[in-house]
Amino acid sequence: MERRWIRPTILMCPPDHYGIEYEINPWMNRGRPSDAEEARKQWHDLHALLISLGVDVRLMTAVKGLPDLVFTANAGLVWHHKVFLPRFRHEARQGETPHDDVWFRSAGFETIELPEGMYFEGAGDGLFCGDTLFAGYIIRSDARAEQWVASQMRCRVIPLQLVDEHYYHLDTCFCPLKPGEALWYPAAFDEYGRTVLKQLVPGLIAVEPEEAARFACNAVVVGHHVALNTGCPKLEAELRMRGYEPHSTELGEFIKAGGSAKCLTLRLDGEDAALWS
Ligand code: ARG
């Protein structure tokens, strides 16, 4: 049965138990904790911004001891009424998956577990642009897992090796805007990845290193609106030139964990750039 969404619908999880409790990427440093109150404010500002853009925001309950559950982009890869659940590479995040599973099932989705021995971190590493699934691998997800997921969806998958530990999920360095158009940070990919992206996505918008480090590519696209962290003026100007409306909102407390706008969200009705067949 096909699910019908009336409005763009996004899953978020409030930062009630968010914090820097371990270090699994180069942004995280237990010596640089997040400020709970400031994190709450920043999350609420993003939440309010998305609502103002017409998004129906659904919420998942935060769980003590799972500080990164706030990053719902990793809760799964949604495809129609099915969700491929994550299998996290780091033990610290593995406890999230049963909570993701419960949430999706209660929302009426069919959840699918990956075969044993494969790592896959959901929409953090799997992004549709047109009818193709672009998939980041090696730092977190496995290319083999992405091949398996794509075989279930019978879609073309392009595994892209991520070469910079700072850009450990594909959504930190690549952001589809619409079919054929995407933001990217070229230095996060190897030569093959750069070549194949240029071939398959004619409208690539490169972000500068300083703005990539402000998580410019970790943007939430809702129609022609693009929500992103502050500190990316060059990208904002470029987006305006191309007919998009950027909305910046401070997300520094989440960058301390290696996440920003996109990581804090999961589109449940299909990304604007995704052409599911
Ligand atoms: N601290 C989290 C991790 O390292 C951040 C996840 C960010 N999520 C994302 N989709 N990029 O796993």
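In each ligand, atom 1 is the first atom listed, and ligand 1 is the first ligand listed.
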* Asked: Are any of the heavy atoms in Arg140 under 4.0 Å away from ligand 1?
  -> yes

Using a strict 4.0 Å cut-off to heavy atoms of [X], name the atoms of ligand 1 that fall inside it.
X: Gly124; answer: 10 (N)
X: Asn25; answer: 1 (N), 3 (C), 4 (O)
X: Ile24; answer: 3 (C), 4 (O), 12 (O)
X: Gly258; answer: 7 (C)
X: Ala73; answer: 10 (N)

Using heavy atoms and a threshold below 4.0 Å, how should the contact between [X] and ligand 1 be classified: side chain, backbone, both, or neither?
X: Glu121; value: neither
X: Phe88; value: neither
X: Met28; value: side chain

* Asked: Which heavy atom of the protein is the closest neighbour of atom 9 (C) of ligand 1, given with residue, atom name and distance?
  -> Cys263 SG, 2.9 Å

Option set [options], criterion heavy-atom distance to [atom], minimum:
atom: atom 11 (N) of ligand 1; options: Asp68, Asn74, Asp171, Thr72; answer: Asp171
atom: atom 5 (C) of ligand 1; options: Tyr168, Phe254, Tyr18; answer: Tyr168
atom: atom 3 (C) of ligand 1; options: Arg93, Arg89, His169, His90; answer: Arg93

* Criterion side-chain hydrogen bond (donor to acceptor under 3.5 Å, both in side chains) against Arg267, the qualifying member of Asp272, Thr72, Thr9 ->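 The passing option is Asp272.
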
* Can you name the residues that form a salt bridge (Lys or Arg N to Asp or Glu O under 4.0 Å) with Arg194, not counting sequence neighbours? ->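 Partners of Arg194 by the salt bridge (Lys or Arg N to Asp or Glu O under 4.0 Å) criterion, ordered by chain and then number, come out as Glu191.
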
* **Residue list, ring pair (Phe, Tyr, Trp, His ring centres under 6.0 Å) with His17, at least two apart or on another chain** => none

* To do: Would you give the length of the straight line joining atom CG of Leu11 to atom CG of Asp269, rounded to the nearest 0.5 angstrom?
  =>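 The CG atom of Leu11 sits 11.5 Å away from the CG atom of Asp269.
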
* Distance, nearest 0.5 Å, that separates CG of Leu127 from CD1 of Ile158 ->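 If I round to the nearest 0.5 Å, the distance is 13.5 Å.
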
* To do: Look at the aromatic rings of Trp43 and His47 and report parallel, tilted or perpendicular, splitting at 30° and 60°.
  =>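 Parallel, since the angle between the ring planes stays under 30°.
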
* Show your reasoning for whether side-chain contact (heavy atoms from CB on, under 4.5 Å) applies to Leu162 and Asp125. => CA-CA 10 Å; Leu162 303 178; Asp125 267 333; 3.9 Å; yes

* Testing Phe104, Trp79, Phe84 for ring-ring contact (aromatic ring centres under 6.0 Å, His included) with Phe109, which one passes? -> Phe104

* Do the side chains of Trp276 and Trp5 join up, straight or via other hydrophobic residues, at under 4.5 Å, putting them in one cluster? ->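 They do share one cluster, since a chain of ILVMFWY contacts under 4.5 Å joins Trp276 to Trp5.
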
